[in-house]
Amino acid sequence: MTVPLPVDLARPVHEVAPELLGCELVHVKGGRRTAGRIVEVEAYGGQARDDCSHAHRYKTARNRTMYGPPGRLYIYFTYGMHYCSNVVAHAAGEAGAILLRALEPTAGLDLMARRRGVADPRLLCAGPARLVKAMGFGRTDDGRRLDAGHLHLVAGPAPRRIVTGPRVGVKGHDAGRPWRFCDADSGYLSRPVG
DNA sequence: CGAACGATGTTCT
DNA sequence: GAACATCGTTCGG
């Protein structure tokens, strides 16, 4: 069973990123469903376009998913203990991915709370590594298709207002670019914007 | 509150 | 050998 993607991901990553806001990410694992509405993302380009991106230089064992077909999950390990998740998106012949930084939990909050070890709904998915843990993702989910019955995106109400700002925790010449996109009215962001 | 810091190991130089 | 798209805790004002 396949589920159509609600957004055309085969386009420049900076155009796609704000359109992911409002979409719901659904993951069914072990017969249990968790889901959340995307409220905060960051766009990461490829090659010379973005020197903050994992794909800035060339293809490696870690970033190869960013060079693959759009519509897959790109998951990487960082800081010795955390995973972060992205949606692969780029125009033909490019590389790129959209980092998922925060979700508003919509389903399976009890399971998320157990995975995370906290109960406050506002803290379950407020951060890229937090939402990975809450959704039950791991290293082996890198490269998975996002149009499957057990892992897919659902169209949702677009944000009333979108706020942009510099991406969190990056250095480089492109660090100041406003490629972080947030639902301005969400109470589930990883941190204040602007 | 906010700033500082340690955890912990993979990836890249 | 340094850097790291982070998080939770601790410390200071």
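Everything numeric in this text was worked out from a predicted model, so none of it was measured. In the text below, chain A, chain B and the rest are named by the order of the sequence lines, each starting its count at 1.
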Query raised in the report: In dot-bracket, 5' to 3', how would DNA chain B read with Watson-Crick or G-U wobble pairs under 3.5 Å, [ ] for crossing ones and | for pairs to another strand?
Result: |||||||.||||.
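A heavy-atom distance below 4.5 Å is not found between the side chains of A:Val41 and A:Asn86. Taking 4.5 Å as the limit, every side-chain heavy atom of A:His90 sits out of range of all side-chain heavy atoms of A:Val13. Side chains of A:Leu100 and A:Val132 form no contact here, defined as non-hydrogen atoms less than 4.5 Å apart. Taking the side chain as every heavy atom from C-beta outward, A:Arg130 and A:Cys125 never approach each other to under 4.5 Å.
Separating the SG atom in A:Cys23 from the CG atom in A:Leu153 is a distance of 6.0 Å, to the nearest 0.5 Å. Between atom OG1 of residue A:Thr34 and atom CE of residue A:Met112 there is a gap of 5.0 Å, rounded to the nearest 0.5 Å. In this structure, CG in A:Leu21 is found 5.0 Å from CD1 in A:Ile162, a value given to the nearest 0.5 Å. Separation of atoms CG (A:Leu20) and CD1 (A:Ile38) is listed at 5.0 Å; rounding is to 0.5 Å.
Contacts between residues 7-21 of chain A and DNA chain B, defined by a heavy-atom separation below 4.0 Å, involve no residue at all.
Applying the side-chain contact (heavy atoms from CB on, under 4.5 Å) rule to A:Glu104 yields the partners A:Arg37, A:Val39, A:Tyr188; only residues at least two apart in sequence or on another chain are considered.
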Show every donor-acceptor pair shorter than 3.5 Å between a side-chain atom in residues 71-85 of chain A and any protein atom, with sequence neighbours excluded, or say none if there are none.
unit_1, atom_1, unit_2, atom_2, d
A:Arg72, NH1, A:Gly143, O, 3.4
A:Tyr74, OH, A:His54, ND1, 2.9

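Contact annotation for A:Tyr83: no contact, since no heavy-atom pair falls under 4.0 Å across all strands. Residue A:Arg139 is classed as a sugar-phosphate contact, given heavy-atom separations below 4.0 Å to backbone atoms only.
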Report task. If a protein heavy atom is under 4.0 Å from the base, mark B; if only from the sugar-phosphate, S; if neither, -; do that for nucleotides 2-10 of chain C going 5' to 3'. Result -> --BBBSS--
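For DNA chain B, the outermost nucleotides in 5' to 3' order that have an atom under 4.0 Å from a heavy atom of chain A are B:dA7 to B:dT13.
A:Arg122 has no carboxylate O lying under 4.0 Å from a charged side-chain N of A:Asp120, or vice versa, which leaves the two without a salt bridge. The residues A:Asp50 and A:Arg167 are annotated as salt-bridged, a charged nitrogen and a carboxylate oxygen being separated by less than 4.0 angstrom.
For CZ of A:Arg145, the number of neighbouring non-hydrogen atoms (other residues, nucleotides, ligands) closer than 6.0 Å is 12 at most.
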